[in-house]
Amino acid sequence: MTLSDLRTTLAALPFFAQVREETKGLAPSQSLRIKGTAGSLPAFVLADVLEQTGGPIVALLAESESADYLRSDLEQVLGSDDRILFLPPTGHDPYDPEQLSDTLPLVQRADALGRLRDGFDGLLVTSVEAISELVPLPETVSDETLTVRIGEEVAPEDLMDRLTGQSFELVEFVSEPGELALRGGILDVYPFAGGYPIRLEFFGDEVDQIREFDPQTQRSVSRLETARLVPNLGAERYTEGGHVTALDYLPTSTPLALFDSQRLVESAQERFETASAAYVQRVAEADAEDDPPHAPEERYLTGDTLSALIDARPTLLFGTFSGEGDLTAELKATPQPSYNGDLKRLRADLGSRTSTQFVVLCDSGSQKNRLWELLGGDLETGKPPPADLIVESLHEGFEIPEASLAVYTDHQLFDRYHRPTARKRKKARGGLSLREVKSLRPGDFVVHVDYGIGKFAGLQTITVREQTQEAVRLIFQGNDELFVNAAINSVNAARASYGLICPRIVQLDSRLVMGSYYTSSGRAAGSVTGVESLFEVLDGYTGEYDALAITSQISVPANYHQDYFDSCGNMVNPWGGVEAILTHAVSTLYNVPSAH
């Protein structure tokens with residue numbers, strides 16, 4: 001079974017047929033109250049409605065985090081992100097002139113506005129926080145977006161002049177959105193669209209080649225026939241000709257899927273009032289010669305405006321706090337039970353409820369194999385467990401009694417934290433870019449190459465030797481702080497949004513003692529003591545992890561450090577040998593990938 005099979009099974013239920021029929025006949029200002037869709041079921045409902053209506057549809061939630069989970073579920077259910085569009089908030093505090101700008105959500109917003117302007121007919125997922133920030137008119141987005149094609153004739157200097165007029169910054173090498181670099185017949189542009197910068201190669205004044213490339217390695221990622229060069233559409237200059245909400249890019253006949261609708265207008269008004277208070281304070285603190293900022297009405301959505309936008313459109317009402325609709329459809333599903341890792345109780349339920357079809361979604365193949373054994377199956381003989389185990393990911397499980405169907409997620413079975421997943425392009429390099437570092441959230445666990453495991457505590461502006469720079473702030477055990485220059489250092493992060501789940505960090509009772517040396521043949525080798533303590537921990541958490549990250553110190557003779565760095569890469573890495581000994585032993589014994 002796959003999620004596609006599950007979707008087909010659900011679509012055959014009378015409830016789904018009713019929702020399809022009622023949605024098709026919804027007029028503007030009419031609402032359909034959808035009850036009893038527990039867990040990730042709303043994603044299945046919306047995917048079915050999207051297929052029925054052809055789109056577009058808008059899903060509006062109160063919080064951006066909840067919207068991201070729905071976006072993730074929809075992409076998994078549909079099997080692609082082609083028809084899903086996510087509009088995040090900028091993350092900016094209203095009227096704060098000193099805050100550091102994170103370009104990642106600005107790129108996502110510019111991408112979303114461009115696709116909406118071009119007639120997007122899929123499902124837009126967003127939050128009140130995101131649509132509360134007003135955006136430029138669709139015609140402004142069209143006027144300010146430059147499309148370049150192979151074979152087109154345009155002087156690279158003229159193109160550079162236009163881009164600098166849109167506030168692109170001329171640099172030696174591009175590394176962030178909003179930058180460009182000109183070297184002979186090559187123009188590099190990092191637009192606020194897509195995931196990579198664009199390299200335009202000219203033959204005279206003719207565009208000869210267009211490529212996406214990795215700014216860290218300068219290697220090509222893909223070849224393009226056309227490229228969209230989009231400026232920072234979040235800048236105030238682009239709303240001076242008029243401002244609207246992202247909903248205004250779509251026809252008024254577009255259905256709105258509202259989650260806890262009674263909270264949405266209230267949330268929008270609270271945000272507007274917060275912005276108004278910040279505006280008053282900003283004006284009071286501004287110098288007389290400063291240009292006044294745009295008024296809140298020109299930058300933020302009011303509760304009354306959102307209410308009018310909702311009232312003019314057909315709506316699907318999800319969630320407990322949504323009131324009654326003109327029509328009602330009810331499924332009577334229930335959330336996945338909480339097992340708290342109690343596999344004995346789970347096995348008992350699977351054995352006693354023989355008329356119910358159980359499906360367990362596993363986050364990885366190794367987790368599927370582990371659950372196969374833990375639930376009573378046998379991989380060697382082919383004996384199946386009393387549940388269908390499939391490698392798929394949803395945020396929350398559910399049960400549908402009338403269909404005798406229970407869909408569980410393995411992260412809920414073991415109370416593991418689950419982040420939204422996404423299908424990402426293959427990276428042409430290792431580690432994290434500065435943009436990815438900026439996408440970390442405070443509280444995320446990270447592993448510093450020298451200092452071990454800590455928590456990401458945000459980006460902070462610091463002054464070093466009278467120079468202001470942006471730095472990553474890390475917190476270690478004992479509340480020790482470390483500031484890492486974000487421009488030249490990388491943080492190797494174990495993040496669930498990159499496919500890693502970090503259920504817990506365990507400190508060993510006795511330390512691993514690792515030492516390194518060279519053999520007579522020049523190979524790097526070493527010794528490890530205290531490994532028994534590590535094995536005891538791994539045995540105690542059997543079935544609860546798919547990969548292992550180990551951090552400890554490695555002792556080497558003092559002269560190795562200087563010799564290694566003076567060798568310019570000609571000396572064998574003295575630390576690599578003992579690391580390989582440890583990780584190879586762990587991976588072989590426990591059949592999981594490991595790293596030190």
Side-chain angles (χ1 to χ4, degrees), residues 75 78-86 103-122 141-164 166 168-233 422-436 439 490 498-499:
E75 289 180 2
L78 291 170
S80 167
D81 60 2
D82 294 342
R83 301 201 67 194
I84 301 300
L85 190 57
F86 182 58
T103 57
L104 180 60
L106 299 180
V107 171
Q108 292 175 316
R109 287 175 69 86
D111 261 341
L113 293 181
R115 291 181 67 185
L116 289 173
R117 176 211 59 186
D118 292 339
F120 176 71
D121 63 354
V141 175
S142 298
D143 293 341
E144 297 297 334
T145 299
L146 179 62
T147 301
V148 181
R149 297 175 174 83
I150 289 180
E152 182 178 348
E153 289 198 4
V154 56
E157 294 81 9
D158 293 343
L159 189 54
M160 185 182 71
D161 288 343
R162 166 163 176 163
L163 294 171
T164 54
Q166 292 178 315
F168 278 83
E169 180 184 359
L170 186 62
V171 296
E172 186 175 1
F173 297 99
V174 301
S175 62
E176 285 286 305
E179 297 178 341
L180 61 88
L182 179 63
R183 298 181 302 281
I186 297 177
L187 178 64
D188 291 344
V189 183
Y190 209 141
F192 284 83
Y196 294 99
I198 302 295
R199 176 159 292 163
L200 305 172
E201 297 185 21
F202 290 83
F203 184 76
D205 288 346
E206 181 181 329
V207 179
D208 187 52
Q209 292 188 44
I210 304 176
R211 293 181 290 163
E212 288 184 308
F213 70 96
D214 187 306
Q216 305 295 325
T217 66
Q218 297 296 303
R219 294 177 179 174
S220 295
V221 174
S222 64
R223 294 183 179 273
L224 306 174
E225 293 294 322
T226 63
R228 292 172 57 243
L229 306 182
V230 182
N232 178 14
L233 296 174
R423 290 170 169 81
K424 295 181 174 62
R425 286 186 270 192
K426 183 178 179 181
K427 297 187 180 182
R429 56 179 170 76
L432 298 178
S433 68
L434 178 58
R435 182 197 293 186
E436 290 167 332
S439 73
S490 65
Y498 287 92

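None of these values were measured; they are calculated from a predicted model. Throughout, numbering of the chain's residues begins at 1 and tracks the sequence. Note that these values count all heavy atoms, side chains included, but never hydrogens, waters or copies made by symmetry.
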request  = Please report the closest heavy-atom contact between Leu187 and Phe202, naming both atoms and the distance.
outcome  = CB-CE1, 4.0 Å

query = Got a sec, which pairs hit side chain to side chain donor-acceptor pair (under 3.5 Å) with one end in residues 143-157, sequence neighbours left out?
reply = Glu144-Gln166

task = Evaluate the criterion side-chain contact (heavy atoms from CB on, under 4.5 Å) for residue pair Val230 and Leu113; output intermediate values, then yes/no.
result = CA-CA 10 Å; Val230 182; Leu113 293 181; over 6 Å; no

inquiry  = Working to the nearest 0.5 angstrom, can you tell me the gap between Leu116 CG and Leu85 CG?
reply    = 5.5 Å

key: Which residues share a side chain to side chain contact (heavy atoms under 4.5 Å, CB included) with Asp205, sequence neighbours left out   = Ala155, Pro156

Non-hydrogen atoms of Asp214 and Tyr196 that approach each other most closely = CA-CD2, 4.3 Å

Residues forming a side chain to side chain contact (heavy atoms under 4.5 Å, CB included) with Ile150, sequence neighbours excluded = Ile210, Glu225

request  = Would you name the heavy atoms of Pro191 and Leu229 that are closest together and state the gap between them?
outcome  = CB-CA, 4.0 Å

key: Contacts of Arg115 that satisfy salt bridge (Lys or Arg N to Asp or Glu O under 4.0 Å) - sequence neighbours left out   = none

key: Glu169: partners by side chain to side chain contact (heavy atoms under 4.5 Å, CB included), with sequence neighbours left out   = Val171

note = Value for CG (Leu180) from CG (Leu159), rounded to nearest 0.5 Å, stands at 8.5 Å

query = Just how far is it from atom CG of Asp188 to atom CE of Met160, taken to the nearest 0.5 Å?
reply = 12.5 Å

inquiry  = If I compare all heavy atoms of Tyr190 with all of Glu176, which pair ends up nearest, and what's the gap?
reply    = CB-O, 3.3 Å

inquiry  = Rounded to the nearest 0.5 Å, what separates atom CZ in Arg162 from atom CZ in Phe168?
reply    = 10.0 Å

query = With sequence neighbours left out, what residues match Asp161 under side-chain hydrogen bond (donor to acceptor under 3.5 Å, both in side chains)?
reply = none

task = Return the set of residues passing salt bridge (Lys or Arg N to Asp or Glu O under 4.0 Å) with Asp111 (not counting sequence neighbours), or none when no residue passes.
result = Arg228

All side chain to side chain contact (heavy atoms under 4.5 Å, CB included) counterparts of Arg223, not counting sequence neighbours = Gln209, Arg211

request  = Side-chain contact test, heavy atoms from C-beta onward, threshold under 4.5 Å: evaluate it for Val207 versus Val154 and give yes or no.
outcome  = yes

remark   = CG of Leu200 to CG of Asp208, rounded to nearest 0.5 Å, is 11.0 Å

ask   = Got a sec, which residues hit salt bridge (Lys or Arg N to Asp or Glu O under 4.0 Å) with Glu179, two or more places apart in sequence or on another chain?
value = none

ask   = Any side-chain heavy atom of Leu233 sitting closer than 4.5 Å to one from Phe192?
value = no

remark   = On a heavy-atom basis, the closest approach of Arg83 and Asp121 is NH2-O, 2.6 Å

query = Between CZ of Arg183 and CZ of Phe173, what distance do you get to the nearest 0.5 Å?
reply = 5.5 Å

By salt bridge (Lys or Arg N to Asp or Glu O under 4.0 Å) - contacts of Arg117 (at least two apart) = none

remark   = Scanning both residues in full, the closest heavy-atom pair of Pro215 with Ser175 reads CB-CA, 4.4 Å

